[in-house]
Amino acid sequence: MKGGLPQVFTLCSVILLVASVAGAADIFLDWNVSFDWNIRPVLFRQPVITINGMFPGPLINSTTNDMIHVNIFNNIDEPLLMTWNGIQQRLNSWQDGVSGTNCPIKPGRNWTYEFQVKDQIGSFFYFPSTNFQRAAGGFGPLRVNNRDVILVPFPKPEAEFDLLIGDWHSIPYKDVRGILANKHMRLSPALYILINGKAPYNNVWGGEYESLKVEHGKTYRLRISNVGNALSFNFRIQNHQMILVETEGSYTDQIVLDSLDVHVGQSYSVLFTANQQESDYYIVASPTQIDTRNYPNINGVAVLHYANSNTQLSGPLPPGPDQLDRVFSINQAKSIRWNLTTGAARPNPQGTFNVTNVTISQTFILHGSEAELGDRRCYTINNVSYLTLSTPLKLADYFVNGSGVYQLDAFPTNSVNQEAALGTSVVTGNHKGWIELVFKNDLDVMDSWHLDGFGFYVVGFGDGEWNPASRETYNLYNPVVRSTVQVYPGGWTAVYAYLDNPGMWNLRSQRLENWYLGEEMYVRVHDNDLNPAKERPPPENLLLCGIFAPKGSPPAPAPAVSSAPALSPLGDW
Ligand SMILES: *[C@@H]1O[C@H](CO)[C@@H](O)[C@H](O)[C@H]1NC(C)=O
Ligand SMILES: *[C@@H]1O[C@H](CO)[C@@H](O)[C@H](O)[C@H]1NC(C)=O
Ligand SMILES: *[C@@H]1O[C@H](CO)[C@@H](O)[C@H](O)[C@H]1NC(C)=O
Ligand SMILES: *[C@@H]1O[C@H](CO)[C@@H](O)[C@H](O)[C@H]1NC(C)=O
Ligand SMILES: *[C@@H]1O[C@H](CO)[C@@H](O)[C@H](O)[C@H]1NC(C)=O
Ligand SMILES: *[C@@H]1O[C@H](CO)[C@@H](O)[C@H](O)[C@H]1NC(C)=O
Ligand SMILES: *[C@@H]1O[C@H](CO)[C@@H](O)[C@H](O)[C@H]1NC(C)=O
Ligand SMILES: *[C@@H]1O[C@H](CO)[C@@H](O)[C@H](O)[C@H]1NC(C)=O
């Protein structure tokens with residue numbers, strides 16, 4: 001199949017070849033990742049990370065069990081890792097694209113990720129995982145469609161739209177990093193929310209806005225992801241109700257919504273029917289669970305445009321719930337339940353694999369907090385701020401059993417009993433055990449947590465401290481399964497996960513500032529059974545770096561793109 005691939009890599013062409021192999025297909029993609037200083041989604045000129053010239057990057061449109069091959073050419077001026085948010089990388093943490101599993105692709109080089117979207121369906125996105133690059137773009141939608149043989153629990157919509165929405169800073173992402181490196185500075189909230197990389201409707205600087213074209217009477221699916229830095233948003237469509245159907249690979253009980261809260265790193269599918277008078281309507285993503293009354297223009301605003309509409313939108317945006325209404329937000333979160341009777345990636349119902357009666361083998365209580373360490377401000381888990389090494393943990397695990405790189409289980413998994421410190425936290429997750437993770441948010445802002453390799457069964461939310469009696473409030477009947485869960489300021493969120501996927505798995509805050517400054521750790525799930533054909537061997541193109549870097553290897557060629565254009569980045573607006 002590879003022999004049939006065009007050998008020439010062309011700009012702006014997504015080379016997508018699909019071939020049928022025993023039901024599943026191979027999808028081949030060539031991606032040129034580079035900076036574009038001319039896109040200007042906001043007033044200020046800044047580098048935007050594009051893929052084949054696109055921002056957001058191209059859709060990966062796959063079906064359960066497809067093999068995806070993405071050959072990534074790094075044409076930005078720093079190392080690059082791409083991660084696949086919510087894709088479980090079954091037995092294959094080698095392709096996870098985070099600093100603990102992969103060596104980065106150096107500037108001017110290319111590398112091919114090859115992974116299977118095994119036993120999954122749903123809405124996801126990909127993004128660059130290091131160096132705060134997600135704040136500059138490089139993200140894009142990833143769909144995993146149902147196989148034909150498995151019924152989807154709602155009629156086929158007329159069309160689907162991917163909406164990648166996130167807050168956006170007005171300064172270049174490297175300048176944001178500069179602020180974060182200085183403990184005397186505080187990063188203020190971003191001043192913009194972009195919808196598919198586009199400016200809000202009616203912006204004063206003439207930036208292009210997003211518009212969705214619909215026909216009267218038809219039903220559409222929106223796949224909404226929060227690709228932002230820090231802000232949770234409330235999503236709504238003027239005069240239209242939505243039906244929630246899916247989140248991060250699970251079909252939910254279908255509930256009717258006027259608006260939906262989406263926290264950083266989360267993805268949802270909703271259906272809506274264009275059943276209103278033929279006109280234009282606002283689509284709004286406004287910050288929630290934070291007071292932004294001093295910055296009234298942060299809202300992301302797009303347009304829902306009926307085919308025969310010739311009205312020009314004006315007037316106020318449709319109001320959402322009160323920004324600080326936590327009760328609304330938590331009640332909505334608790335109402336998102338797993339549909340137990342529908343099949344998803346497999347024909348048997350989702351509910352056959354449930355937590356009603358499982359035995360927990362481990363409990364971790366993880367406090368997300370802040371601390372100062374010497375001249376740095378950092379974020380911590382149980383007072384440990386993650387120290388990223390140049391040697392990926394997975395390589396160290398494979399070649400030298402971790403020796404000399406990380407110390408297994410030195411991390412306190414259920415206490416905060418020490419002075420804040422830096423540490424490369426790697427803890428054992430019991431293979432084929434159920435783990436209970438309690439995330440406690442000691443900050444005064446929303447946080448959200450994500451574990452690679454597994455789904456979270458979201459069993460409970462609560463205020464204040466968690467204690468064992470809090471378990472009595474858990475929903476063990478039909479908790480939704482997803483990969484990113486929010487934790488409210490001062491509160492806790494409890495999840496279960498079944499650790500049947502050996503590998504080195506990243507557990508992190510999805511809030512970019514928190515992750516970048518250390519709210520991260522790894523869970524090592526090891527299968528002691530040496531019988532082969534369990535975890536996959538390293539890929540043939542395995543990159544080596546850190547202590548495993550080949551001796552005397554030639555330096556990488558100079559990057560194809562310089563980091564700055566001739567004009568001053570902040571100069572000409
Ligand atoms: C990738 O994009 C950059 C910037 O647009 C361009 O200079 C370079 O030639 C492209 N590389 C390839 C291989 O197309
Ligand atoms: C994605 O793939 C599905 C299934 O093959 C197909 O029906 C659909 O048209 C594709 N969508 C896009 C946007 O390519
Ligand atoms: C780099 O790209 C070339 C050209 O497409 C390809 O043959 C090669 O396998 C890629 N290298 C890696 C490490 O993926
Ligand atoms: C759950 O999925 C089934 C399809 O198996 C569907 O008929 C039913 O309406 C769904 N239930 C809810 C509450 O959405
Ligand atoms: C959970 O799974 C068990 C074992 O398969 C099954 O007996 C039970 O009915 C399931 N519970 C639900 C709510 O589907
Ligand atoms: C649930 O667990 C209890 C105690 O461990 C056991 O007695 C019971 O049979 C289990 N029920 C199911 C449906 O597995
Ligand atoms: C690998 O390291 C762990 C502790 O980090 C130890 O328990 C185990 O025995 C080691 N395995 C081998 C094969 O050395
Ligand atoms: C966490 O570390 C900070 C700074 O060293 C310290 O002030 C704080 O008391 C520690 N927290 C706990 C619960 O010990």
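Both ligands and their constituent atoms are indexed starting at 1 by order of listing. Computed from heavy atoms alone, side chains included, the values below leave out hydrogens, waters and symmetry copies.
Between Glu520 and Arg508, none of the side-chain N atoms (NZ, or NE/NH1/NH2) sits under 4.0 Å from a carboxylate O, so this pair counts as no salt bridge. One finds a salt bridge joining Glu246 and Arg221 here, because a Lys/Arg side-chain nitrogen approaches an Asp/Glu carboxylate oxygen to under 4.0 Å.
By the 3.5 Å distance cut-off applied to N or O atoms, Tyr477 is not counted among the residues near ligand 5.
Short contacts between ligand 7 and Leu408, defined as distances under 4.0 Å to a heavy atom of the residue, involve ligand atoms 5 (O). Each of the following atoms of ligand 5 lies closer than 4.0 Å to a heavy atom of Thr352: 2 (O), 5 (O).
Counting only heavy atoms from C-beta outward, the side chains of Val355 and Tyr474 never approach each other to under 4.5 Å.
Between Phe454 and Trp505, the ring planes are perpendicular. Angles over 60° get that label, and only those under 30° would be called parallel.
Checked against a 6.0 Å centroid threshold, the rings of Tyr498 and Phe353 count as neighbours. Phe411 and Phe364 have their aromatic ring centers separated by at least 6.0 angstrom.
Judged by the 6.0 Å and 45° rule, Lys394 forms a cation-pi pair with Trp94.
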Pairs under 3.5 angstrom, nitrogen or oxygen on both sides, ligand 4 versus protein: list them out, please.
{"residue": "ligand 4", "atom": "2 (O)", "partner": "Asn339", "partner atom": "OD1", "Å": "3.3"}
{"residue": "ligand 4", "atom": "2 (O)", "partner": "Asn339", "partner atom": "ND2", "Å": "2.3"}
{"residue": "ligand 4", "atom": "11 (N)", "partner": "Asn339", "partner atom": "ND2", "Å": "3.0"}
{"residue": "ligand 4", "atom": "14 (O)", "partner": "Gln254", "partner atom": "N", "Å": "2.8"}

